[in-house]
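Notes to accompany the following structure.
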Amino acid sequence: MPELPEVEIYCRYFARHALQQNIEHVRVLDERILGDVRKEKFEQLFEGREFVAVRRHGKHLFAETGDVWLHLHFGMTGDLAYFRGDAPRFAKVVFDFDNGSHLAFEDMRLFGIVDVPPDPNSFIADHHLGPDPLDRAFTLPVFRRLLATRRGAIKSLLMSQEIIAGIGNLYADETLFDTSVHPRRSVDRLSDDQVKKIYQSMRRILRETIARKERGAGYPKRYLIHHREEGDRCPRCGGSIARTVVFGRTTYFCRKHQRL
DNA sequence: CCTATAGCCTGACGGC
DNA sequence: TGCCGTCAGGCTATAG
């Protein structure tokens with residue numbers, strides 16, 4: 001389930017493999033993956049161009065060709081593959097470079113989107129995306145301001161892309177587990193210190209995960225992610241892990257150290 | 001403003 | 001072996 005750290009890794013992968021290469025052909029293998037652009041138009045837009053830069057905002061990847069932008073959203077099962085030979089099983093769009101290699105956007109479940117926005121900033125504005133939590137401008141005062149006017153479960157806010165762009169179900173749970181806050185805790189009842197802890201923890205977890213994935217390592221042992229099962233033991237305090245639904249998503253937390 | 005639900009989509013998995 | 005129901009969770013739309 002690609003969230004911010006996974007999409008950051010895709011950006012780096014894209015940059016390592018797919019920049020500065022002439023795109024000979026584009027193959028849209030399943031048109032359902034496209035947003036507001038038709039197959040023929042999409043293919044024709046990229047043929048003869050080359051990608052020159054990649055950037056990310058939240059869970060969204062943008063690749064620039066100089067005048068045309070490619071936007072990738074990975075949904076739940078989106079993936080990138082740079083390859084030679086046969087396209088992977090779930091490839092939906094393939095860019096054929098003139099060096100004989102290819103870049104595929106794969107998506108088994110089709111929750112992802114491939115399209116051609118005017119540019120990243122207008123895309124972000126049009127979709128009312130909030131700030132990226134790893135952006136320089138995303139300071140603690142900014143985070144406090146975002147929460148100040150809101151109520152409701154903290155987990156819902158962390159997952160709302162219009163408030164913060166990039167946090168999904170797993171990292172929301174991980175952040176709250178780390179800060180000992182119950183996922184249903186109302187935002188207006190968080191102490192200043194808890195808000196600060198959530199801010200710091202969220203950013204540390206995102207950065208730590210990116211760094212570890214970059215060198216092929218897994219999640220640290222202390223993470224909740226290894227214990228996403230009702231009744232499992234909490235790796236921190238030995239409490240029992242609870243399973244519930246918040247914001248329509250399966251949510252895990254520790255009954256003992258994340259009290260409401 | 002906030003919450004809940006359905007729907008999109010398909011492979012994995014448990015049960016029979 | 002294979003069929004069936006359920007689950008996974010990215011997002012949007014809609015209703016309450």
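Lettering follows sequence order; numbering is per chain, from 1.
A/Lys197 and A/Asp193 are joined by a salt bridge, as a carboxylate oxygen and a charged side-chain nitrogen come within less than 4.0 angstrom of each other.
OP1 and OP2 of C/dG10 both lie 4.0 Å or more from every side-chain N or O belonging to A/His73. OP1 and OP2 of B/dC1 both lie 4.0 Å or more from every side-chain N or O belonging to A/Thr149.
Using a 3.5 Å distance cut-off with no hydrogens or angles, the side chains of A/Asp115 and A/His71 do pair a donor with an acceptor.
A donor-acceptor contact shorter than 3.5 Å links the side chain of A/Glu3 to the backbone of A/Leu170.
The distance from atom CD1 of A/Ile113 to atom C1' of C/dC11 is 8 Å, rounded to the nearest whole Å. One interatomic measurement links the two molecules: CD of A/Gln161 to P of C/dG9, which rounds to 15 Å at whole-angstrom precision.
In this structure, A/Phe111 does not pack face-to-face on the six-membered ring of C/dC11, missing the 5.5 Å centre cutoff or the 30° plane limit.
Here A/Thr77 lies out of heavy-atom contact (under 4.0 Å) with every strand.
One donor-acceptor pair, N or O on each side, does fall under 3.5 Å between the base of C/dG10 and the side chain of A/Arg249.
Comparing A/Arg150 and A/Lys92, the nucleotide of DNA chain B nearest to each residue sits closer to the 5' end for A/Arg150. Nearest-nucleotide positions on DNA chain C for A/His127 and A/Met76 put A/Met76 closer to the 5' end. Position along DNA chain B of the nearest nucleotide to A/Leu157 versus A/Gly248 favours A/Leu157 as the more 5'-ward residue.
In this structure, the nucleotide among B/dG11, C/dG10, B/dC9 sitting nearest to the side chain of A/Met159 is C/dG10. Out of B/dC2, B/dG11, C/dG10, the shortest distance to the side chain of A/Lys59 is found at C/dG10. For A/Asn169, the side-chain atoms get nearest to C/dG9 when compared with the rest of B/dC2, B/dG11, C/dG9.
Checked against A/Glu31 for a salt bridge (charged side-chain N to carboxylate O under 4.0 Å, His left out), the options A/Arg38, A/Lys41, A/Lys92 give a single hit: A/Arg38.
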